[in-house]
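Proteins get letters first, then strands, A, B, ... in listed order; numbering begins at 1 in each. Quick note: numbers below take in every heavy atom, side chains included, and nothing from hydrogens, waters or symmetry partners.
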Number of protein chains: 2
Amino acid sequence: MKHVTIRALAKELNLSVSTISKALRDSYEISEDTKKRVLALAERLNYMPNPYASSLRGRRSKIIGVVIPEVADSFFSLAINGIESVVKEQGYHVLISLTHERLANEQSILHEFQGGRVDGVLMSVSRETVSGRHIRDLMEKEVPVVFFDRALDEVETDKVVTNDFESGYAATQHLISRGCKQIAYLTISENLSIATRRMEGYLKALADHQLRSSGKNIVQCGTDAAFNYKQVKKLLQRKKRPDGIVASVEKLATPVYQACQELSLSIPGDVKVICFSNLEIATILQPSLTTITQPAFEIGKTAATVLLRALDKKRGKPAQQQVIIPSELIARESSG
Amino acid sequence: MKHVTIRALAKELNLSVSTISKALRDSYEISEDTKKRVLALAERLNYMPNPYASSLRGRRSKIIGVVIPEVADSFFSLAINGIESVVKEQGYHVLISLTHERLANEQSILHEFQGGRVDGVLMSVSRETVSGRHIRDLMEKEVPVVFFDRALDEVETDKVVTNDFESGYAATQHLISRGCKQIAYLTISENLSIATRRMEGYLKALADHQLRSSGKNIVQCGTDAAFNYKQVKKLLQRKKRPDGIVASVEKLATPVYQACQELSLSIPGDVKVICFSNLEIATILQPSLTTITQPAFEIGKTAATVLLRALDKKRGKPAQQQVIIPSELIARESSG
DNA sequence: CTGAAAGCGCTAACAG
DNA sequence: CTGTTAGCGCTTTCAG
């Protein structure tokens with residue numbers, strides 16, 4: 001048995017294709033009796049409509065594009081779960097496209113989407129993304145775009161983010177309240193808005209507590225694990241070693257713990273540590289890791305909801321909104 | 001500017017749609033000059049073909065369905081990366097569908113795919129999947145399916161897996177070689193082939209070393225974290241407490257470490273631990289965790305390659321193959 | 001209540 | 001080398 005089409009059903013029942021089509025969509029113009037027969041046959045032959053034929057007709061593919069830097073990251077994994085959970089309720093599917101933090105990839109993905117592959121896009125911009133040209137190009141083709149987590153300020157559209165500034169502030173204040181005087185900050189990007197906002201929170205907290213901030217205490221990390229390890233180790237080998245570290249992204253927890261172990265520094269005795277992270281495993285680290293935990297699942301869910309709403313209204317151009325879902329500071333042993 | 005179609009280009013250049021179409025696909029029947037003009041205009045108007053129109057025509061959507069239990073799992077995240085890396089080279093896209101370990105979800109997803117939404121499927125079956133009826137139904141519609149990691153023996157198609165039996169054996173033998181006499185085994189499913197194979201390896205290793213195996217040492221865990229924790233704790237509170245634990249899936253590492261801490265048991269002093277896991281973070285656990293690490297990225301890559309090949313030959317019905325990519329035992333402190 | 005026919009955007013015979 | 005035409009499978013007027 002190959003492809004069962006609407007036409008096959010029609011022939012079998014001696015009806016026209018349009019009658020079948022209507023019956024399947026439960027149109028009021030079709031008699032109950034015919035509907036029954038059509039449905040029964042469809043069931044029996046295991047009929048499934050070809051979604052692309054419908055798409056072509058109705059210009060909606062029922063596919064949502066999710067454009068993110070990586071999947072192998074607990075934040076994005078959880079966010080995808082959230083997205084999927086709401087989207088599938090409405091019969092939508094999730095198409096994942098990875099940018100690997102490269103603007104060029106992001107551009108070519110969105111460019112391809114201009115052909116109509118997806119009905120809408122949920123995205124977190126790459127680390128390299130500073131201009132929103134490619135994003136606006138897509139939006140001009142009437143494909144709604146909703147940012148989640150990593151938004152680009154410059155593009156006027158819906159955004160679902162967390163309170164990065166406040167979180168950076170809270171993380172820093174937390175370490176200060178535990179007695180830290182020399183707090184280092186590990187970051188991974190200079191132009192990512194969420195990164196700068198977190199850092200601004202850090203700087204503001206220092207200022208509010210009369211602590212001097214120094215450029216030397218802000219350490220640039222990257223995507224390469226070995227490089228990051230070296231950077232952190234160098235930081236901890238300084239004469240004036242920091243007594244607190246704010247790690248602004250999850251993957252930086254590993255080098256910090258490794259370097260401390262390597263250098264026989266005690267956490268939290270010698271250095272107190274707090275990290276932005278969604279890792280469940282934070283609790284079983286030794287010492288357990290104090291985290292700023294983002295509501296990843298919630299962010300995904302909300303972003304998807306906002307997008308579906310936009311798809312619903314469509315031309316209605318509802319005022320873009322910015323939803324902020326706060327992160328949570330979970331104090332554990334590493335900030336002792 | 002709305003949708004730029006091939007027709008718009010044709011009108012603009014006073015050419016026919018077929019000429020445009022051919023020019024865009026670089027057909028030999030079109031003069032270099034026209035090609036140039038067409039390409040230039042396409043570029044200028046930011047033309048992108050509607051993929052669904054092509055799909056309808058050529059019955060290939062250029063979309064690969066990836067059907068898995070969860071994304072929030074380092075194995076699957078890494079596998080997706082692998083899949084994406086090879087698939088995008090050939091212009092394919094990745095549609096993710098999650099079963100959440102429920103057979104019912106898996107069935108409805110595959111059923112929907114019968115409509116032709118995807119050109120091929122890469123899947124890891126859910127924990128509940130024992131029969132392959134829904135999978136065969138899809139394959140009969142000429143949609144090739146390749147299993148990766150969690151295959152269903154009963155279905156005759158390509159499979160890309162790791163050496164589960166040998167890994168279970170190696171894990172157990174490793175603990176035995178470190179002096180364990182009472183080795184418990186934590187599992188999460190009774191019918192998943194990979195789970196039973198790992199367990200068979202465990203049992204065989206015990207037998208080969210003249211150690212008695214006892215049903216009591218095999219602990220069933222589930223999806224609920226709290227439940228798993230309780231199970232593990234109970235295990236460790238027994239009179240005859242095990243001196244070694246083989247945790248057959250990643251998520252069981254957390255309860256083991258937590259319970260040991262709670263009960264003040266030393267790893268590896270009181271209990272030695274080995275876990276099937278891909279977590280990078282295994283190295284910074286205290287003690288660092290000995291793991292059986294699956295080649296997740298490789299498995300994804302290979303499975304995708306096999307699928308693309310199947311899509312290429314199509315009707316060729318190449319003999320199904322089973323590719324086995326071995327896992328690696330990485331000894332760390334927890335098995336001291 | 002049912003059917004005929006047009007057409008979504010693109011491709012591929014087949015003619016010119 | 002370029003154009004005409006006939007669909008892919010489905011939805012949707014518009015007639016019967």
Name the atoms and distances for all side-chain donor-acceptor pairs under 3.5 Å in residues 18-26 of chain A, with sequence neighbours left out.
from: A:S18; atom 1: OG; to: A:S16; atom 2: OG; distance (Å): 3.1
from: A:T19; atom 1: OG1; to: A:S16; atom 2: OG; distance (Å): 3.0
from: A:D26; atom 1: OD1; to: A:K35; atom 2: NZ; distance (Å): 3.1

By salt bridge (charged side-chain N to carboxylate O under 4.0 Å, His left out) - contacts of A:D73 (at least two apart) | none
Out of C:dT2, D:dT2, D:dC8, which nucleotide sits closest to the side chain of B:T34?
-> D:dT2
Could you list the residues that satisfy side-chain hydrogen bond (donor to acceptor under 3.5 Å, both in side chains) with B:S74, not counting sequence neighbours?
-> B:E250
Is there a side-chain polar atom (N or O) of A:S31 under 4.0 Å from OP1 or OP2 of C:dT2?
-> yes
Using five base pairs at each end, measure the axis-to-axis angle across the helix from C:dC1-D:dG16 to C:dG16-D:dC1 and round it to 10 degrees.
-> 50°
Where protein sits on nucleotides 10-16 of chain D, one letter per nucleotide: B base, S sugar-phosphate only, - none, heavy atoms under 4.0 Å | BBBBB--
Residues two or more places apart in sequence or in another chain: which of them pass salt bridge (charged side-chain N to carboxylate O under 4.0 Å, His left out) with A:E101?
-> A:R150
Excluding sequence neighbours, so at least two apart, what forms side-chain hydrogen bond (donor to acceptor under 3.5 Å, both in side chains) with B:S97?
-> none
Ring pair (Phe, Tyr, Trp, His ring centres under 6.0 Å) filter on A:Y52, not counting sequence neighbours, yields B:Y52
Result block: side-chain N/O donor-acceptor pairs under 3.5 angstrom for residues 86-96 of chain A, not counting sequence neighbours:
from: A:H93; atom 1: NE2; to: B:E112; atom 2: OE2; distance (Å): 2.6

Taking CD from B:E32 and P from D:dT2, how many angstroms apart are they, rounded to a whole number?
-> 11 Å
Under 3.5 Å, is there a donor-acceptor pair between the B:N81 and A:H100 side chains?
-> no
